[in-house]
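Presented below is the structure to which this report refers.
The shown structure was predicted, so the numbers you read here are calculated from the model rather than taken from an experiment.
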Amino acid sequence: MDIFINNIISLLKDKIPLSVEEIEGLIEIPPDIKMGDYAFPCFAIAKQLRKDPKKVASELSQELVPPAQLSSLGGSDIIIRISAHGPYLNFYVSKNMLFKTVLKGIFSEGDSYGGSDLGKGKTVVIDYSSPNIAKHLAVHHLRSAVIGNAIYNLYKTLGYKCVGINHLGDWGTQFGQLIVAFKRWGSEFEIPSVEDYKKQRTAGETGLDINKLNELYVRFHKEVKSDNSLEDEARDWFRKLEKGSEEAREIWQYFKDISLEEFDRVYKRLGVKFDSYAGESFYNDMLGDTVNRIKDAGLSEISEDALIVNLDKYDMPPCILRKKDEASLYATRDICAAEYRKREYGFDKMIYVVGSEQRLHFKQFFKVLELMGYKWVDDCVHVDFGLIKFKHGKMSTREGKVILLEDLLEESCKIAKEIMEGKNPDLENKAEVANDVGIGAIIFSELSTKRVKDVLFDWDEVLNFDGETGPYVQYTHARLCSVLRKYGEKVTTDIDHDLLREDDELILVKRLEAFPLFILRAAKYYEPSILSKHLLDLCSTFNRYYQHHRILTDDAELRKARIMLVDSIRQVIKNGLSILGLKSPERM
RNA sequence: GCGCCCGUAGCUCAGAAGGAUAGAGCAACGGUUUCCUAAACCGUAGGUCGGAGGUUCGAAUCCUCUCGGGCGUACCA
């Protein structure tokens with residue numbers, strides 16, 4: 001724990017009727033650096049003592065000063081001043097000590113600054129992205145992938161072993177629909193037959209465009225409006241698929257191959273990675289055992305010809321395990337997958353990064369896990385997020401009205417390139433940097449607001465590179481790198497910390513000091529935006545500082561000291577961006 | 001109908017989990033580049049924190065009610 005807070009606690013504990021834990025919980029950071037570095041609000045003890053909090057604060061400040069006495073009280077010169085400000089007791093720490101501990105810490109920890117070994121020996125399973133096969137990745141697939149990836153990195157930074165799973169939607173009635181559509185209209189869309197496709201593949205040719213498959217899907221939903229029997233036909237095909245029909249299986253594999261090629265391309269561009277692609281189909285052979293366990297536990301019943309777990313007692317609709325046509329449902333597959341993951345990975349925590357429209361589903365299937373006697377259900381959490389909405393109504397894959405993720409990424413990189421042509425035309429690896437910045441803008445815009453909020457998709461806003469954006473953070477990083485390049489000498493921790501006495505320098509070092517804390521909070525609440533906001537704060541403080549104070553001054557000692565600070569800021573921004581999944585170009 | 005989520009500046013959002021004077025960005029207007037990257041910085045303007053009660057020394061934050069929006073509500077995921 002923080003040496004400063006520790007010190008304050010040791011000073012206070014004999015003077016006030018509160019436990020160490022209580023004191024620690026009450027200590028806060030004042031809103032303004034003029035009010036000191038830490039504050040202790042006296043409301044709680046004032047109530048106990050039935051005294052005026054202001055009076056308590058001022059009495060305590062009398063008792064605790066002068067600082068000269070602190071050493072003899074077992075403290076040191078860590079706290080240099082204590083004063084009462086209204087009902088608050090404000091503590092001022094040694095700036096020299098603050099700068100020294102923070103800057104040296106960052107310098108020695110480097111890329112690992114901000115992390116810890118909190119999760120040592122523990123495993124976290126994270127389920128994210130999980131798109132449906134045979135459809136494009138559209139903008140609404142972005143959130144889960146990007147949030148999940150950031151949460152993965154957050155936990156990894158904290159020392160957890162992470163297992164990222166892309167629970168592909170590669171099973172379900174929709175495949176029956178696709179098979180029907182493929183058989184009926186495949187040639188119309190010039191989709192190669194299974195045989196031709198297999199030949200192409202062995203010849204090393206890449207598959208066809210996923211657009212074709214998407215068109216099939218759209219066509220099916222168009223036709224089904226006038227021909228109901230198509231639905232029955234589709235259900236029939238899915239049942240065949242589940243029962244292991246060779247023909248169905250081949251078509252399914254065909255679609256899956258094509259989809260994964262497209263997905264991999266986009267994931268690679270986004271920098272999103274997975275440790276496992278075990279999708280819904282992976283569990284097909286285990287489904288029977290899972291259902292039997294539920295049956296044997298006496299949890300299931302037949303209702304309206306379907307096999308369900310009745311959840312009336314818990315004020316929820318039933319969890320359906322098997323439809324009347326015997327086919328499985330996603331709840332069954334999710335229960336089965338959870339059991340499998342517990343067996344396979346022995347996780348200490350399992351995180352599902354899935355949209356908030358599936359809240360009820362998660363409540364239901366977590367309840368079933370609980371009823372099955374799995375106490376590890378308490379370690380499972382649905383990390384939900386709001387929908388992406390559009391100005392012109394809802395976007396729907398079924399109607400083919402979507403903004404493709406790849407188009408968005410492409411557009412963003414194009415704009416980044418154009419801006420760079422104007423601002424830094426001599427840059428060597430422009431294409432690469434434009435890519436880093438363009439993608440960074442998209443990722444950051446997803447991660448900079450709290451996940452629960454619905455977001456209205458707006459091209460202008462997503463493609464804005466000014467203000468609180470990814471490019472702003474990256475730009476700040478590039479600026480810092482530029483200063484360090486111009487400095488040209490080796491950065492050293494051997495500096496006179498007393499030379500750093502500007503207000504902004506103090507604010508900066510405090511933000512650097514708080515960085516690990518924000519990582520911790522972001523992980524605890526599964527909320528990458530906590531980290532994004534902190535980086536923005538750090539950047540805007542630095543940019544203000546940079547505007548008003550010269551770093552490469554003529555004063556050699558001061559220059560050395562400021563460079564140390566600059567290098568620390570650079571390091572922290574880089575570490576933070578890396579967790580969020582953004583690159584940190586050194587020039588842009 | 002019922003359940004869950006969200007209402008803070010014209011727009012998009014913060015607000016260290018009840019505390020010291022409600023903050024940013026975008027958009028608007030006005031400034032800053034012989035000087036370390038102007039993707040930046042500074043200034044002006046903009047608020048009954050959806051509304052009404054309540055709890056508390058103290059509420060944007062907690063409770064109740066109410067209005068507005070979103071999502072969900074047995075064989076899609």
Are [X] and [N] close enough that a side-chain N or O sits under 4.0 Å from OP1 or OP2?
X: A:Tyr546; N: B:rU33; value: no
X: A:Ser356; N: B:rC71; value: no
X: A:Lys486; N: B:rU37; value: yes

What's the closest nucleotide to the side chain of [X] if the choices are [options]?
X: A:Glu357; options: B:rC71, B:rU12, B:rU21; result: B:rC71
X: A:Tyr525; options: B:rA20, B:rA17, B:rC13; result: B:rA17
X: A:Arg485; options: B:rA40, B:rU21, B:rU37; result: B:rU37
X: A:Arg544; options: B:rC42, B:rU37, B:rA20; result: B:rC42
X: A:Gln547; options: B:rA20, B:rU32, B:rU73; result: B:rU32
X: A:Thr449; options: B:rU37, B:rA74, B:rA14; result: B:rA14
X: A:Ala39; options: B:rA20, B:rC13, B:rU73; result: B:rA20
X: A:Tyr330; options: B:rA16, B:rA77, B:rU37; result: B:rA77
X: A:Lys389; options: B:rU37, B:rG70, B:rC57; result: B:rG70

Practice task
Give a yes or no on whether a donor-acceptor pair under 3.5 Å exists between the nucleobase atoms of B:rA38, that is its base, and the side chain of A:Tyr475.
Solution key: no

Problem - Check: B:rA14 base within 3.5 Å donor-acceptor of A:Ser529 side chain - result: no

Whole-Å [atom1] distance, [N] and [M]:
N: B:rU56; M: B:rG69; atom1: P; answer: 35 Å
N: B:rG43; M: B:rG50; atom1: C1'; answer: 32 Å
N: B:rA22; M: B:rA16; atom1: P; answer: 15 Å
N: B:rU48; M: B:rU8; atom1: P; answer: 12 Å
N: B:rU61; M: B:rG7; atom1: C1'; answer: 14 Å
N: B:rU44; M: B:rA24; atom1: P; answer: 11 Å
N: B:rC2; M: B:rC62; atom1: C1'; answer: 25 Å
N: B:rG51; M: B:rG68; atom1: C1'; answer: 11 Å

Reckon [X] touches a base, only the sugar-phosphate, or nothing at all at heavy-atom distances under 4.0 Å?
X: A:Arg333; value: sugar-phosphate
X: A:Leu329; value: sugar-phosphate
X: A:Met316; value: nothing
X: A:His548; value: sugar-phosphate
X: A:Pro318; value: base
X: A:Ser130; value: nothing

Practice task
Determine whether the aromatic ring centres of A:His361 and A:Tyr330 lie less than 6.0 Å apart.
Solution key: yes

Practice task
Please check if the distance between the ring centroids of A:Tyr217 and A:Phe255 is under 6.0 Å.
Solution key: no

Hey, are [X] and [Y] close enough for a salt bridge, meaning a charged N less than 4.0 Å from a carboxylate O?
X: A:Lys256; Y: A:Asp170; result: yes
X: A:Glu59; Y: A:Lys51; result: yes
X: A:Glu557; Y: A:Lys560; result: yes
X: A:Glu527; Y: A:Arg521; result: no

Please report, rounded to the nearest Å, how far the [atom2] atom of [N] is from the [atom1] atom of [X].
X: A:Tyr314; N: B:rU73; atom1: OH; atom2: P; value: 21 Å
X: A:Phe365; N: B:rA77; atom1: CZ; atom2: P; value: 13 Å
X: A:Lys450; N: B:rC13; atom1: NZ; atom2: P; value: 12 Å
X: A:Leu536; N: B:rG15; atom1: CG; atom2: C1'; value: 14 Å

Handout entry: Nearest-nucleotide comparison on RNA chain B, the residue closer to the 5′ end among A:Lys47 and A:Tyr38
Key = A:Tyr38

Fill in the blank from the handout: Taking for A:His361 and for A:Val433 the nucleotide of RNA chain B with the nearest heavy atom, the one nearer the 5' end belongs to A:Val433

Fill in the blank from the handout: Syn within 90° of 0, anti beyond: B:rU21 is anti

Exercise for the section: Just label B:rA16 as syn or anti from its O4'-C1'-N9-C4 or O4'-C1'-N1-C2 angle, using within 90° of 0 for syn. Expected result: anti

Is it the case that over 12 heavy atoms from other parts of the model lie below 6.0 angstrom from the [atom1] atom of [X]?
X: A:Gln358; atom1: CD; value: yes
X: A:Lys54; atom1: NZ; value: no
X: A:Asp554; atom1: CG; value: no

Handout entry: Mate of B:rA52 where both pairing distances stay under 3.5 Å, Watson-Crick or G-U
Key = B:rU64

Handout entry: Plane angle bin for A:His534 and A:Phe518 - parallel if under 30°, tilted between 30 and 60°, otherwise perpendicular
Key = parallel

Exercise for the section: At under 4.0 Å between heavy atoms, which parts of nucleotides 4-10 of chain B does protein reach? Answer with one letter per nucleotide, 5' to 3': B base, S sugar-phosphate only, - none. Expected result: SSSS---

